[in-house]
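In what follows, a single structure is set out as structure tokens and then discussed.
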Amino acid sequence: MAILIISIALLGLITALVALYGNKGNRQNDNESITVAQTCDTCDGSDTSKCEQECMMEAAVKDIEYFDDEELDAFRHRHSDSYTDEEAEMFAEVVYTMRADEVAAWCRSLNLRGIELPDQIKDEVMMLMNDAPGQ
């Protein structure tokens, strides 16, 4: 039994040392390569999930941008499937009055404000975002 416990402890120690030295080598390589960080303005569409993530982080430190839609703040913390058709129409009125290139920023604004987009208009919003210039 003691041999088993010693073997497991030794295996854990070896694993920790390998991980430690492996990470040290990676950190040295990271310092050697210099890359230019992409911003929301420079996203080229090749890695949309990374761009969207970086844009959300960038937007989180900025003031929330409103699109003449302050009345939608009343829908904070509602699930997307809980909206009535009349409530979804309020969102549709806002989205149909903006330019296609503003729709993604509007969705980020809603997300930062804790407002979920109603299921009834998600397809239209996605189509508008895909039709936006540069997409």
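Just so it is clear, the structure is predicted and the values come from calculations on it, not from any experiment.
Nearest approach of C107 to M129, heavy atoms of both residues: SG-SD, 3.9 Å. For the residue pair S80 and E116, the shortest heavy atom distance occurs at N-OE1, 2.8 Å. Closest non-hydrogen pair, M90 versus E71, comes out as CE-CG, 3.9 Å. Shown here for K122 and L117, the closest heavy-atom pair between the two residues is CE-O, 3.2 Å.
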Exercise. Would you check, one step at a time, whether the test side chain to side chain contact (heavy atoms under 4.5 Å, CB included) holds for R113 with L72?
Key: CA-CA 10 Å; R113 291 157 48 196; L72 299 180; 4.0 Å; yes
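Looking at residues two or more places apart in sequence or on another chain, you find a salt bridge (Lys or Arg N to Asp or Glu O under 4.0 Å) between R76 and D73. Remark: E87 pairs with R78 by the salt bridge (Lys or Arg N to Asp or Glu O under 4.0 Å) rule, at least two apart or across chains. By the salt bridge (Lys or Arg N to Asp or Glu O under 4.0 Å) test, E102 is found to be paired with R99, residues two or more places apart in sequence or in another chain being considered. For Q120, the side chain to side chain donor-acceptor pair (under 3.5 Å) criterion is met by D85, not counting sequence neighbours. Take L128 and apply the side chain to side chain contact (heavy atoms under 4.5 Å, CB included) test, not counting sequence neighbours, and it matches V95, Y96, V103. By the side chain to side chain contact (heavy atoms under 4.5 Å, CB included) test, D81 is found to be paired with H79, D119, residues two or more places apart in sequence or in another chain being considered. Contacts of E86 classified as side chain to side chain contact (heavy atoms under 4.5 Å, CB included), with partners at least two apart in sequence or in another chain: T84.
Judged purely by atom type and a 3.5 angstrom limit, N130 uses its side chain to pair as donor or acceptor with the backbone of M126.
Interatomic distance, W106 CH2 to D68 CG, rounded to the nearest 0.5 Å: 12.0 Å.
F91 and Y83 have perpendicular rings, their planes meeting at more than 60° on a 0 to 90° scale where under 30° would count as parallel.
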